[in-house]
Amino acid sequence: MVRMAVAPLRAGAVIEFKDKKGILLAICKRLEGTSLRLLTESGKEFSYPADKVAHVTSHMLDPTLSDPHLKERLAAIRDRVLGVAGSIELADLWEFFSGSETDGITLEEMARTYFGESTGSDHQSALLRALHDDPLYFKKKGELYVPKPAEAVAETRRQLAEQDRRQRERGDALAWFRAARLGHTPPRPEGLERHIDLLRGLAIHREDFAGYTEAAGLLHELGEEVPDGAFGFLVEIGDFGPDENLMLLKEGIPTGFSPELVAAANEGLAASPVVLEAAAALASLYVPGGSPQLTCGPGGLPRLDLQELPAISVDDSETRDIDDALSLERLADGFRIGVHIADLSAAVPKDSPLDREAFRRATTVYLPDRTIPMIPEAISHEAASLLSGQPRLALSLFADVDTEARLRSFFFSPSVLRVERAATYEEAAEMLEDPAHPLAPLGALASKLREQRIGRGARVFERAELKIRVAPDGTITLKKRQGESVADVVVSELMILANQCAGVFCAGRAVAAVYRVQPPPQEEIAAGAGAVSRRFLTMVKKIQVQTSPGPHWGLGLESYAQMTSPIRRYLDLVMHRQLRRALGEGDSGYTEDALREAIGGAESAVEAAHNTQRWSNKYWLLKYLSGRVGEPTPAVIQEVRDESYLVQLTDYLFDIPFYPPPGRKYQVGDLLEVRVKAVDPRKGLLKVQEAGGRR
């Protein structure tokens with residue numbers, strides 16, 4: 001603080017003090033002990049600590065004059081001081097003093113240096129204001145001013161220039177936003193993308209957004225509600241679509257592949273051993289019941305030639321990443337079941353750029369309006385996909401069973417496969433229900449495999465599934481599947497069989513693998529088949545993914561290692577590499593530590609994908625229901641709560657709180673009709689009201 005008094009501090013003295021508005025003038029009307037009674041240039045009167053006075057000028061005014069007269073005199077002094085302050089160049093003063101060694105300079109000394117020996121009180125007042133308004137060059141140290149180091153001045157100048165740039169860009173962005181809102185498309189100014197990113201971050205992360213304060217200020221200036229208005233505004237200016245998937249953005253799931261990865265996938269497709277004509281020329285044919293005849297397939301790996309083996313794939317009609325196929329051969333006293341899995345490990349080398357990208361994604365993400373593949377389509381939909389009529393590399397499991405589906409033996413082998421037919425679940429069900437079809441025995445075998453698992457304590461549940469699809473034009477279609485067809489049972493049980501054999505195979509050779517283990521619940525639950533109850537879901541324990549084998553309670557198996565969907569799940573691809581390593585095909589697998597790292601990384605990405613899938617399914621279902629407000633729909637009581645119920649809309653397999661009319665009581669399992677009352681897909685809200693009594 002500067003205490004360079006040039007006049008006594010008494011009634012009538014004109015002083016300067018610091019205020020949040022800057023340096024202000026005032027007259028001391030009287031002394032009040034350690035305080036002064038001040039009248040400011042704006043006409044305010046109050047008490048002020050004497051030791052807080054910044055500067056006592058040489059001016060004296062008659063304190064007995066009226067307040068208007070005193071304000072007029074103070075204004076005249078202020079105007080003279082401001083006129084002088086506007087001409088001061090602090091950079092000149094700083095350059096003069098910065099080269100000298102000094103502990104500090106007084107305000108009076110600085111004024112004499114700048115204005116000359118004839119300096120007066122107004123010059124000191126002007127300099128005081130300049131130093132207060134521009135702290136770039138000097139640092140306050142008690143009553144002295146110390147010139148800042150050149151490096152500090154340069155850095156501050158850089159920061160101020162950056163601040164000016166950001167303020168200018170902010171103003172340009174606001175102007176662009178307002179024009180875009182009116183339907184104009186002016187040139188995009190520099191820095192606009194950063195401000196759009198701020199609004200995107202606010203829309204996606206809301207209060208959790210790291211740039212919330214800056215983004216909220218921007219949105220407030222646009223006259224929008226914070227934070228809810230961010231999404232609507234971005235839709236208004238065309239940056240977001242009205243159905244933008246914010247969860248997809250929040251989880252950071254990439255929706256496309258870089259040009260480099262696409263090029264790598266296309267190059268792999270062109271040179272892939274999967275599609276070389278040499279694959280079709282392999283001569284030796286596997287003979288059921290005999291010793292497997294190996295042939296040297298593409299890449300030099302010994303592979304079974306199974307191109308003449310009748311095999312079918314079973315998938316939904318829109319599926320393009322076909323990663324499994326089935327075959328069945330009669331033996332003298334039983335059957336040989338074949339489960340053939342696309343050999344993605346042959347097309348995606350470990351630690352390659354494509355492999356690292358697959359690890360980052362960990363899974364294919366299936367959403368109602370799109371599919372986001374784990375691997376570029378050139379491989380996932382073409383080179384590795386088990387397309388009918390095309391030679392493809394596979395990893396085949398052959399399980400020999402008797403007529404009661406009791407497992408006698410099994411073996412894994414790399415193979416070359418040519419799928420005979422790609423069937424939908426509906427088409428496969430017709431084949432399996434035709435006694436004359438070669439695959440018909442699979443229906444009975446799969447049922448017996450399931451019975452064996454139930455006998456070991458497995459829990460099998462009636463499945464109800466609602467598939468939501470959104471066409472490019474936005475049309476939403478729902479397809480509900482209740483229960484299982486024979487094709488569902490066959491595919492499910494044979495995939496479980498393959499994963500069971502993979503677990504047994506790796507465990508028997510002490511190979512670290514991706515085992516899925518489920519401990520039993522603390523409370524005993526009856527084994528068997530039936531509908532899933534909410535109480536059951538609260539009792540079962542979460543499946544653990546680990547490198548050592550252990551029982552899977554829900555499946556009734558002692559060892560289970562999932563490997564049947566390598567195109568869609570990264571950890572299944574990892575399992576293929578472990579299996580091939582166990583088969584003696586080089587050191588392409590993982591150490592146990594590397595396997596744990598792969599599991600940890602993949603599991604977090606899978607959780608993000610599941611979050612996105614749940615959000616997306618709910619959003620599109622609610623959007624569908626938003627067009628059915630007022631329509632009745634059947635429901636069933638799922639849970640009784642204190643003041644409400646949890647009901648499931650049975651046509652949509654959707655659970656929602658329900659508040660009945662006063663006095664109306666229900667029990668779990670009661671059927672009723674409700675009406676859709678209100679829907680907000682973006683907020684995930686659905687309200688229903690009773691449409692009638694019990695059904």
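Between Glu214 and Arg166 there is a side-chain heavy-atom pair separated by less than 4.5 Å. The shortest side-chain heavy-atom distance between Arg200 and Leu249 does not fall under the 4.5 Å cut-off. Side-chain contact between Arg168 and Asp172 is present, with at least one heavy-atom pair separated by less than 4.5 Å. Side-chain contact between Gln613 and Met247 is absent, with no heavy-atom pair separated by less than 4.5 Å. The closest side-chain heavy-atom distance from Tyr212 to His205 is not below 4.5 Å.
Within 6.0 Å of CD in Glu190 there are 12 or fewer heavy atoms belonging to other residues, nucleotides or ligands. By the neighbour-count criterion of 12 heavy atoms within 6.0 Å, atom CD of Glu597 is sparsely surrounded, having that number or fewer from other residues, nucleotides or ligands. Applying the 6.0 Å contact sphere to NZ of Lys677 captures no more than 12 heavy atoms from other residues, nucleotides or ligands. Remark: Asp473 CG is packed, more than 12 non-hydrogen atoms of other residues, nucleotides or ligands lying under 6.0 Å away.
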Discussion item. For a side-chain contact (heavy atoms from CB on, under 4.5 Å) check, start with the C-alpha distance between Leu192 and Phe177, then their side-chain angles and the critical distance, and finish with the verdict.
Written reply: CA-CA 9 Å; Leu192 177 65; Phe177 285 144; 3.9 Å; yes

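Side-chain atoms of Asn611 and Arg614 form a donor-acceptor pair, as typed in the model, at a separation below 3.5 Å. A donor-acceptor pair shorter than 3.5 Å cannot be found between the side chains of Thr612 and Asn245. Side-chain atoms of Asp243 and Tyr619 form a donor-acceptor pair, as typed in the model, at a separation below 3.5 Å.
A salt bridge between Asp228 and Arg206 is present, with a side-chain N of the basic residue lying under 4.0 Å from a carboxylate O of the acidic one. Salt bridge annotation for Glu426-Lys479: present, with a cationic side-chain nitrogen under 4.0 angstrom from a carboxylate oxygen. Ion pairing between Glu193 and Arg188 holds under the 4.0 Å rule for side-chain N and carboxylate O.
Nearest heavy atom pair, residue Tyr652 against residue Leu466, reads O-CD2, 3.2 Å.
Aromatic ring pairs are classed by plane angle as parallel below 30°, tilted from 30° to 60° and perpendicular above 60°; the pair Tyr645 and Phe658 is tilted.
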